[in-house]
K.L.:
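Sharing a structure here in structure tokens format.
Sequence lines set the chain letters: A, B, ... in the order given, protein chains first and strands last, and positions in each chain run from 1.
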Amino acid sequence: MTTHDLLKTTREPLVRVAGLTVDFGSVRAVDGLSFTLEAGGALAVVGESGSGKSASAYALLGLHRGTGARVGGTVEVAGTDVNAADDAGLRALRGAKAAMVFQDPLSSLDPYYPVGDQIAEVHRVHHRVSRKAARARAVEVLDRVGIPDAARRSRLRPHEFSGGMRQRALIAMALACEPQLIVADEPTTALDVTVQAQILDLLHTLRQETGMGLLLVTHDVGVAAESVDDVLVMRDGREVERGPVARVLGSPREAYTKELLAAVPRVETRRVVPVPSPRAEEASVPLLEAVGLRREFGRGNGKVAAVGGVSLTVHAGRTLGIVGESGSGKTTLGRMLVRLLDPTAGRLRYGGTEIGSLSEKELRPFRRELQMVFQDPVASLNPRRSVGESVADPLRAAGEGDEGRIRDRVGALLERVGLDPAHFERYPHEFSGGQRQRIGIARALAAEPKVIVCDEPVSALDVTTQAQVVALLAELQRELGIGLVFIAHDLAVVRQVSDRVAVMRGGLIVEQGSADEVYGDPRDPYTKQLLAAVPALDPGLAAARRAARKELAAA
Amino acid sequence: MTGFLVRRLGGAVLVLFALTAILYGIFYVAPGDVAQIACGPRCSPAQVAQVTEQLRLNDPLYVQYGHFLQGIVAGRDFSTGTGVEHCSAPCLGVSYQSDQQVTQLILAKLPVTGSLVIGAFAGWLLLGVGTGVLSAWRRGRLTERVLTWLTLAGAATPVFVIGLLLIIVFCSTLQWLPAPSYVPFAEDPEQWAWGLLLPWVSLALIESAKYARLTRSAMLETLAEDHVRTFRAYGVGERAIIGRHALRGAVAPVIALSALDFGTMFGGAVLTESLFGIPGIGRELVHAVKVVDLPVVVGMVLVTGFFVVLANALADVLYALADRRVVLS
Amino acid sequence: MSEALLVKEAGAAPVVAPASGARLFWRRLRAQRAASAAALVVLLLVLVALAAPLLTALAGQDPNAYHPDLVDSAAGGVPIGPFGGISADHWLGVEPQTGRDLFARIVYGARVSLGVALVATVLQITLGLIIGLAAALGSRWVDQLLSRITDINVALPIMVIALALLAIVPETFPRPVLIALVIGGINWAGTSKIVRAQALTLKSLDFVSAARLSGRGKWSIARRELLPSLAAPVITYAALAFPSNIIVEAALSFLGVGIKPPTPSWGQMLTEADTWYQAAPTYLLLPAGLLFVTVLALTVLGEGVRTALDPRAASRLRVGTKSAKHTEGGAA
């Protein structure tokens, strides 16, 4: 009889949390949370940033101890009263009974030691075994999580692993001491969608085989739907709704849950914004046209082509979506389109002028007409200048010298993107991520552009904010007839906004067509793989996709 | 790795070459009448003319510089007025004062400075890293605050001040130690060590302050990193986290700084040598500066530059080796 | 502190930090008790240095006036009277052998010490800023050239070069000015390295790309987007380099190649005091102690400046950080 069976027969829950509170200084991150998790069960804690979901998960292992955070309430994990346990008791719990899988697998492993040694070190903390036996155990668990040639790879350091392999190694570390519970904090957020699917499948298989419990913390409702039995939706440190995953996601009762689910972009949903007749597009001359655009980095033997010959067109009032995973060259392409990067080869024609080879000086007249909205809302605004000054930049550069007119125009732009025009004097750190993206959009609009390239404009935002920013972009496009290029890794978001879609991989476009064609009837095997990897909101559909992935992998 | 080494050392050679040009420019071209300096202030015009002839100062500048370089690479001959003296490579010229070859002069002084630096180096590394580890371990407690202030005081004290005080206390007042002096190791190892004890201690005390700072800040940086959190979350104890994970992060910067300091000191433990009367390169340099013995000054600066450039290259290589995250390129 | 460590520490300041502004900076500086005390000491020293002629006039003394009647020439020139000849006229005693007033010499010594270090620091920062910015913003060739020159500059051990340079400049050149020029002129590599690295980081950030897209020119971008963010690391560097420069000047003078008599300098007093420590300990302890206090106060103040300019460190002071938003992953 395994411990797991024993626990089940005694009906003692694996995790019992009652009235949990976590305070950071004067901020209450978790405010009276209670839940239980039966042995072998799987619970997802879902919430947007600031909901207190990670802080709750950390409390399960007593990780707030010594950080200055105050923890209240009771937390019992596998028979240990976490808040009352002494340091030795806590160490005996950590890793051995409950193990944590962190978000960023690269920074979560020690860069200086081989992966196998790190797993062995953890194993030896809890088991009195020889170094050799611990190393053997490390190789065993690495093999278990599907790392090929585990004995050799166990001697490599983390940076020699790929992102997905690192996450597998972290899961292997969690398995090393056969814990009864795995706490996974956003385990797939840093990963590409195809790798994410593999990791979720691995967690699913391990649960089935070992019978351990899983507590999954995620912002992504789709990830939760794929992986767990029960869902707990959190907001502002409190529980909003809790229940079986099919019920909560299928027929939510609370208003916030409904709002959250409505905001989640779905890969099945077509573009909602009405589009002018398709005939107009074919007739119209493209605003921006790239032919065989190529960009290389490095010199000599180290030369790599980030973009290896891409052709595309951008039309007024239309959106071209570009999807691809990390390293596909989509950002490099986007920066070339607005000439922030110089193409190595190929042509870039804007309104009849070849601008691909123009010098910085010759480019000046065109600069303002090609704008960009950036991914990182923190880095895209100068922290030392007021947002009004940043938005006013294109106006001043265009020779507008009248302070009053500049203020009026900036105020109008801020208002247009949904901000208070009186915020001219404020600094970027006073705004939230979504508001900063709006400021970035206002700055792009100030130049009165014809084309805006949006590079992952919503990937750093929560889903509800995402939906608002996407809606704003669509609205502005309709109003001003701007040609948009929308670059993203999220297939669902791209479908939502795009007329045409290009799928990128390894610096090349593998498939291009109207959004309905690409999503409804994908031709390229890579596109199929991508679409199969997208987590589904419906647990039934999720199971079907899992089966489809198995098939694709076997094929 | 080999490519990296070759490129790094190639760069070092280029820097050294540029250094010779700069030094030559500054010292032999700028000061004006080199012959007068070489001959001494009381020389008659006839004597000065003779020296000008001897030093071939009437040749075009680039020829003179060519001779200078040739001396370093292949050796050269000097006319001494009565005959010709060969100075074999690497020839840095002949002292105006003693007519000794600069290369010989420096070679004679190297073991002295070497003895001083090696002992002090061991001292400051042990003391500095030890203090750093201790204050990182006891962070936020009284021990750390006391150590931080001691380190600050160490960094704020010029080596000649602490040296003076040590001499006064231990040699003159208490008379526990003999006056610092240099006895060659081969002659009497015990006297060698006693004679150098105070210079070692004062240099180590001052230098250790910055190693303590570096170790502490590198360890605190590592302790704030995510991977330390991982090991805490797996029940690894504080001792293992400090000793195995945090300290490892300090290894690369400490090694790199050591290599750098070692090189710099070799060329110029000027103050310590002057204060304690240790007849090494630094004290010789001060003397040469005071009597404007140009060949000795230039030679010693060049040798110092050589050590520093070498140490810089070594520091880069060691850093790359110790920090496996750095991609050699 | 060594150059390498300085570069590492000053260069570690994050370039993308919210604007703090002068007022917030002062508040954060004042919140640190040690730094505030150090600032007071530094202020006092600066006042003393500025008011040196006034103070000596008040004491009725001249730093270069000999008083042979105050030393016992039979005993080799030991000052007459207790504690190195302290009296109502000579507040800190007199110099052995010459009988010059120590108070006057110490006060004028402060002038030299602080003045030389200040000019040297300003010079090294200015040179470093110009060279570093030019390397970061210029073409690849300019960058290559300037970076190599910086490498060479780093390879020059400052003490040794300063010594050598002082050997060849004619005695007629005003010595304090010369020393300041030498220290500042050969020691700019640290600043230029920091400035270049930070400017390159900044250049790669999206807000600079956005500024390019808005059609602004290179120099307008450098001035409006880069320079304000470079202020924090450069000021930090300057604050920590200042005390090192004081030590360098004292060391050069101690070796007898720095400030030449009769101009008073603490380092040079130390050399002379070396032989008098038994007969006149105050003569040694005064410049040694003052040098220590000055450098320590400046270092502590420099540390305070660094903390005040580094938002991560400043958040621990709980000044000017709006109840830091602890959201997800607050534990570490």
K.L.:
Are the charged groups of C/Lys218 and A/Glu360 less than 4.0 angstrom apart, N to O?
P.N.:
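Salt bridge between C/Lys218 and A/Glu360, a charged N being under 4.0 Å from a carboxylate O: no.
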K.L.:
Using heavy-atom distances under 4.5 Å, tell me whether A/Leu370 contacts chain C through its side chain, its backbone, both, or neither.
P.N.:
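When you check distances to chain C, only backbone atoms of A/Leu370 fall under 4.5 Å.
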K.L.:
Nearest 0.5 Å please: distance from the CG atom of C/Leu205 over to the CG atom of A/Leu381.
P.N.:
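That separation rounds to 11.5 Å.
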K.L.:
Give me the atom names and distance for the closest heavy-atom approach of A/Leu340 to C/Ser209.
P.N.:
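Heavy atoms only, the tightest pair is CD1-CB, 3.6 Å.
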K.L.:
Nearest 0.5 angstrom please: A/Asp393 CG to C/Leu213 CG, how far?
P.N.:
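If I round to the nearest 0.5 Å, the distance is 11.0 Å.
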K.L.:
Please rank A/Ala446, A/Pro394, A/Pro449, A/Ser56 by heavy-atom pairs under 4.5 Å with chain C and give me the top one.
P.N.:
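It is A/Pro394.
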K.L.:
Would a 4.5 Å heavy-atom cut-off, applied to side chains only, mark A/Pro383 and C/Phe207 as touching?
P.N.:
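A side-chain contact under 4.5 Å exists here.
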K.L.:
Could you work out, with ring pair (Phe, Tyr, Trp, His ring centres under 6.0 Å) as the rule, every residue matching A/His423, not counting sequence neighbours?
P.N.:
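A/His423 satisfies ring pair (Phe, Tyr, Trp, His ring centres under 6.0 Å) with A/Phe431 only.
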K.L.:
Any side-chain heavy atom of C/Ser229 within less than 4.5 Å of one from A/Arg384?
P.N.:
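They are in contact (side-chain heavy atoms under 4.5 Å apart), so the answer is yes.
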K.L.:
To the nearest 0.5 Å, tell me how far A/Asn382 CG sits from C/Leu202 CG.
P.N.:
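If we round to the nearest 0.5 Å, A/Asn382:CG and C/Leu202:CG are 8.0 Å apart.
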K.L.:
Can you tell which part of A/Arg368 gets under 4.5 Å to a heavy atom of chain C, answering side chain, backbone, both or neither?
P.N.:
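Both the backbone and the side chain of A/Arg368 come within 4.5 Å of chain C.
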K.L.:
Among A/Gln371, A/Arg396, A/Glu389, single out the residue with the greatest number of heavy-atom pairs under 4.5 Å to chain C.
P.N.:
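Answer, by heavy-atom pair count under 4.5 Å with chain C: A/Gln371.
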K.L.:
Of all heavy-atom pairs between C/Asp206 and A/Asp376, which one has the smallest distance, and what is that distance?
P.N.:
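Looking at all heavy atoms of both residues, the closest pair is OD2-N, 4.2 Å.
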K.L.:
Top residue by heavy-atom pair count (under 4.5 Å) with chain C, among A/Arg335, A/Gln103, A/Met372?
P.N.:
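Greatest number of close heavy-atom pairs with chain C: A/Arg335.
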K.L.:
Can you find a heavy atom in the side chain of A/Arg385 that is under 4.5 Å from one in the side chain of C/Glu225?
P.N.:
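Side chain of A/Arg385 against side chain of C/Glu225, heavy atoms only: contact under 4.5 Å found.
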K.L.:
Among C/Ala211, C/Gly217, C/Ser220, C/Ala210, which residue forms the greatest number of heavy-atom pairs with chain A at distances under 4.5 Å?
P.N.:
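Max contact count across the listed options: C/Ala210.
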